[in-house]
2 protein chains.
Amino acid sequence: MFQAMSAAPTRADLTKFAPIQDECPIGEAARASGVSAKMIRYYETIGLVRPVTRSAANYRSYDAAAIQALRFIGRSRALGFSMDMISRLLALWQDKVRSSADVKALALQHVGELQERIAELQTMKAAIEHVAEQCHGDHRSDCPILDELKGPSLAPNGGRP
Amino acid sequence: MFQAMSAAPTRADLTKFAPIQDECPIGEAARASGVSAKMIRYYETIGLVRPVTRSAANYRSYDAAAIQALRFIGRSRALGFSMDMISRLLALWQDKVRSSADVKALALQHVGELQERIAELQTMKAAIEHVAEQCHGDHRSDCPILDELKGPSLAPNGGRP
DNA sequence: ATGGACCTTTCCACGATGGGAAGGTCAAGG
DNA sequence: CCTTGACCTTCCCATCGTGGAAAGGTCCAT
């Protein structure tokens with residue numbers, strides 16, 4: 001990569017990033033995609049994105065397509081998709097003959113998982129709010145919140161009547 | 001610990017757990033508290049709970065108070081409290097002269113954090129549901145969900161008119 | 001005395017992210 | 001030409017809470 005020169009290439013020519021193809025180093029790709037350089041490298045090591053070409057100085061070089069893939073990942077992360085799902089979404093995205101049904105199924109699965117987590121958190125919140133309501137919340141030490149956390153007191157006689 | 005014997009103790013006496021004090025090894029404490037043995041050891045290493053006494057064979061020995069503390073932690077975890085908050089809750093619990101106001105403040109802070117996370121997840125969920133609604137979800141490949149993830153297409157002229 | 005259930009420590013892994021060190025490279029300006 | 005500062009590279013470590021597994025010691029019942 002990095003251009004096929006007809007004359008003998010100078011050192012600068014070899015190490016520079018080719019503006020012809022809109023290639024840029026990782027920092028710029030990070031800014032353009034909203035994904036940190038750290039994460040871009042990480043996504044590469046776990047195989048979420050394909051390794052990009054390197055400059056003569058071993059710098060990663062990103063073209064517009066690579067940057068768009070990173071942006072795709074970034075937005076997917078922001079919507080809470082797991083790495084695993086993102087990997088599948090990326091595959092669908094790049095598959096010209098995908099069915100939108102497959103994409104929708106993934107999205108709805110994620111919605112379901114989000115709803116599950118929301119319900120869990122709401123259950124926690126409601127439980128805490130419930131006991132907190134009954135806590136006078138003043139200088140006194142007795143506290144239904146701590147009683148709730150302590151759990152059912154162990155019957156001293158072992159439960160026998 | 002493990003009893004002060006008046007006569008010369010036999011080896012069995014030294015290694016056995018004292019039933020007088022209701023002391024038990026970690027497995028039983030785990031069953032009794034609902035916290036895994038693994039986690040009990042972890043809580044000890046991070047200083048969340050005080051190291052318990054050991055038998056002559058170096059086995060951890062839990063009494064009723066220790067088990068109740070573990071149960072307290074387990075229930076707090078189940079309500080989503082962070083280790084840090086649990087540490088403060090434990091301190092309040094064991095503080096005879098606490099103010100219930102302090103407990104309530106912690107609880108309400110946690111409620112606020114839960115609400116924040118719930119709102120985040122709900123935002124994600126709503127965004128996905130919104131685009132998913134517009135996806136026909138059939139054999140065709142064009143898909144507003146992927147369009148959303150892809151993000152705003154880069155203007156080919158760089159945004160200039 | 002043997003076997004199986006238990007205990008001990010230590011190390012590794014996850015998912016996703018950040019921090020930092022040590023060393024190479026690039027571009028601009030003196 | 002050389003320096004400087006911004007950038008790149010790899011590698012290691014930490015997070016948080018949990019689990020798994022290895023390697024070795026103990027306990028108890030048969």
Side-chain angles (χ1 to χ4, degrees), chain A residues 2 10-19 23-49 51-62 70 73-87 110 113 117 120, chain B residues 2 10-19 23-49 51-62 70 73-87 113 117 120 124:
Chain A
F2 288 85
T10 66
R11 189 170 171 289
D13 285 333
L14 275 177
T15 57
K16 214 169 287 176
F17 287 89
E23 303 244 321
C24 68
I26 199 169
E28 204 170 323
R31 281 185 292 273
S33 67
V35 176
S36 75
K38 213 74 186 183
M39 280 299 101
I40 295 177
R41 294 193 195 96
Y42 172 69
Y43 294 154
E44 188 186 294
T45 67
I46 65 170
L48 188 62
V49 297
V52 294
T53 59
R54 303 284 190 120
S55 78
N58 202 31
Y59 284 17
R60 288 174 182 81
S61 179
Y62 293 85
L70 292 172
I73 295 172
R75 295 180 75 96
S76 302
R77 286 297 303 144
L79 289 176
F81 285 95
S82 67
M83 293 288 107
D84 182 75
M85 275 204 186
I86 293 176
S87 156
H110 183 45
E113 290 168 7
R117 291 173 52 199
E120 259 180 53
Chain B
F2 286 87
T10 67
R11 189 167 170 291
D13 285 333
L14 275 178
T15 58
K16 214 169 286 179
F17 287 90
E23 302 244 321
C24 68
I26 198 170
E28 204 170 323
R31 280 185 293 273
S33 67
V35 176
S36 75
K38 211 76 188 186
M39 280 301 99
I40 295 177
R41 295 195 194 96
Y42 173 68
Y43 294 154
E44 187 186 294
T45 66
I46 65 170
L48 188 62
V49 297
V52 294
T53 59
R54 303 284 189 121
S55 77
N58 202 30
Y59 283 18
R60 287 172 181 82
S61 181
Y62 294 85
L70 292 173
I73 295 172
R75 295 180 75 95
S76 301
R77 287 295 303 147
L79 289 176
F81 285 97
S82 67
M83 293 290 109
D84 182 74
M85 276 206 186
I86 293 176
S87 157
E113 290 168 7
R117 291 173 52 199
E120 259 181 53
M124 292 177 184

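Predicted model, so just to flag it, every value in this text is computed and none were measured. Letters go in sequence order (proteins before strands), and every chain restarts at 1.
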query = Reckon Ser55(B) has a side-chain N or O less than 4.0 Å from the OP1 or OP2 of dC7(C)?
reply = no
Non-hydrogen side-chain atoms of Glu23(B) and Thr53(B) separated by less than 4.5 Å = yes
message = Please find the pair of heavy atoms, one from Ser61(A) and one from Val52(A), that lie closest to each other, and give the distance.
response = O-CB, 3.4 Å
Residue-phosphate contact under 4.0 Å: Arg60(B) side-chain N/O, dC7(C) OP1/OP2 = no
task = Could you state the atom-to-atom distance from CE of Met85(B) to P of dG17(D) in whole Å?
result = 12 Å
task = Would you mind reading off the distance between Asp84(A) atom CG and dC14(C) atom P, rounded to a whole angstrom?
result = 14 Å
query = Tyr43(A) has an atom OH; how far is it from atom P of dA16(C), in whole Å?
reply = 8 Å
ask   = Roughly, in whole Å, what's the span from CD in Glu44(B) to P in dC7(C)?
value = 14 Å
key: Length of the CD1-P vector between Ile40(B) and dC6(C), whole Å   = 14 Å
inquiry  = Categorize Ile26(A) for me: base, sugar-phosphate, or nothing, with a 4.0 angstrom heavy-atom threshold over every strand shown.
reply    = sugar-phosphate
request  = For Leu48(B) and dT18(D), give me the distance from atom CG to atom P, rounded to whole Å.
outcome  = 11 Å
message = Considering every strand and a 4.0 Å limit on heavy-atom distances, what is the contact class for Met39(A): base, sugar-phosphate, or nothing?
response = base
ask   = Do any side-chain nitrogens or oxygens of Ser36(A) fall under 4.0 Å of OP1 or OP2 in dG18(C)?
value = yes
ask   = So, is Arg54(A) near the phosphate of dC8(D), with a side-chain N or O under 4.0 Å from OP1 or OP2?
value = no
ask   = Which atom names give the shortest non-hydrogen contact between Ala29(A) and Cys24(A), and what distance separates them?
value = N-SG, 3.8 Å
ask   = Which nucleotide sits closest to the side chain of Asn58(B): dT17(C), dT8(C), dC7(D)?
value = dT8(C)
key: Pairwise side-chain contact, Glu44(A) with Arg60(A), heavy-atom cut-off 4.5 Å (strictly under)   = yes
inquiry  = Does dT9(D) have OP1 or OP2 under 4.0 Å away from a side-chain N or O of Arg41(A)?
reply    = yes
query = Rounded to the Å, how far apart are Met83(A) CE and dA13(C) P?
reply = 20 Å
request  = Classify the side chain of Lys38(B) versus the base of dG17(D) as yes if they form a donor-acceptor pair under 3.5 Å and no if they do not.
outcome  = no
ask   = Rounded to the nearest Å, what distance is computed from the CD1 atom of residue Ile46(B) to the C1' atom of nucleotide dT15(D)?
value = 12 Å
query = So, His110(A) side chain and Leu79(A) main chain: donor-acceptor pair closer than 3.5 Å or not?
reply = yes
inquiry  = Under 3.5 Å, is there any donor-acceptor pair linking the side chain of Tyr42(B) to the base of dG19(D)?
reply    = no
